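Quantities reported herein were computed from a predicted structural model and do not represent experimental measurements.
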Amino acid sequence: MSPAKSIDGPSVRVLRVGEQVRHVLSEILMRGEVHDDVLAKHMVSVTEVRMSPDLRHATAFVKPLLGTDEEAVLKALRTNTAYLQREVARRVKMKYAAKLKFLIDESFEEGGHIDRLLRDPKVARDLGSGE
């Protein structure tokens, strides 16, 4: 098996580039470099960026502070995708400019849902009896 190929998940390079893209997007949004009224009114956290294996596509998972106006923020990010792609391409040295896609990060809600399920008395009873 070649060390360059991994069957267990993304390569170190793909993960590293994804993290670089996340940092660049976070910096752009934090500094208010996108001239958009909706984005100016919201602090947006870029929680994760997943790169395709060929590094040509990047899916950025975002979450507005306090989870407010998610759809408006998502629409504003999608409206400004061309600018954000140009800035990422300029700041992250890659062979090709990655095509950006924005999605709302639902992992916080999923974690909260799992936590509520685990605290349910019926589930707690079942978990306790399995020991």
Handout entry: side-chain hydrogen bond (donor to acceptor under 3.5 Å, both in side chains) partners for H57, two or more places apart
Key = none
Fill in the blank from the handout: Hits for side-chain hydrogen bond (donor to acceptor under 3.5 Å, both in side chains) against Q85, two or more places apart or cross-chain, chain-then-number order -> none
Problem - Nearest-0.5 Å distance that lies between atom OH in Y83 and atom CD1 in I28 - result: 6.0 Å
Residues in side chain to side chain contact (heavy atoms under 4.5 Å, CB included) contact with [X], at least two apart in sequence or another chain:
X    : result
K75  : T79
R90  : E87
A58  : V49, M51, A98, L100
L103 : T59, F61, R78, K101

Compile the donor-acceptor pairs under 3.5 Å between side chains in residues 35-43 and protein atoms, sequence neighbours left out, one pair per line.
{"from": "D36", "atom 1": "OD1", "to": "V38", "atom 2": "N", "distance (Å)": "2.9"}
{"from": "D36", "atom 1": "OD1", "to": "L39", "atom 2": "N", "distance (Å)": "3.2"}
{"from": "D36", "atom 1": "OD2", "to": "N80", "atom 2": "ND2", "distance (Å)": "3.1"}
{"from": "H42", "atom 1": "ND1", "to": "V38", "atom 2": "O", "distance (Å)": "2.8"}
{"from": "H42", "atom 1": "NE2", "to": "D69", "atom 2": "OD2", "distance (Å)": "2.8"}

Exercise for the section: Under the salt bridge (charged side-chain N to carboxylate O under 4.0 Å, His left out) rule, collect the residues that match up with E33, sequence neighbours excluded. Expected result: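 In terms of salt bridge (charged side-chain N to carboxylate O under 4.0 Å, His left out), with neighbours along the sequence ignored, E33 is linked to R91.
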Exercise for the section: Any pair with a residue in residues 15-25 that passes side-chain hydrogen bond (donor to acceptor under 3.5 Å, both in side chains), sequence neighbours left out, goes on the list, sorted by first then second residue, please. Expected result: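 The answer is E19-R22, E19-H23.
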Problem - Closest non-hydrogen atom pair between T47 and V62, with its separation - result: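 Closest heavy-atom pair between T47 and V62: OG1-N, 4.4 Å.
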Exercise for the section: Among residues two or more places apart or on two chains, list those pairs meeting salt bridge (Lys or Arg N to Asp or Glu O under 4.0 Å) that have a residue in residues 42-53. Expected result: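 The answer is E48-R50.
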Exercise for the section: Decide side-chain contact (heavy atoms from CB on, under 4.5 Å) for L77 and L29; before the verdict, give the C-alpha distance in whole Å, the side-chain angles of both, and the deciding distance to 0.1 Å. Expected result: CA-CA 10 Å; L77 287 168; L29 294 171; 3.9 Å; yes
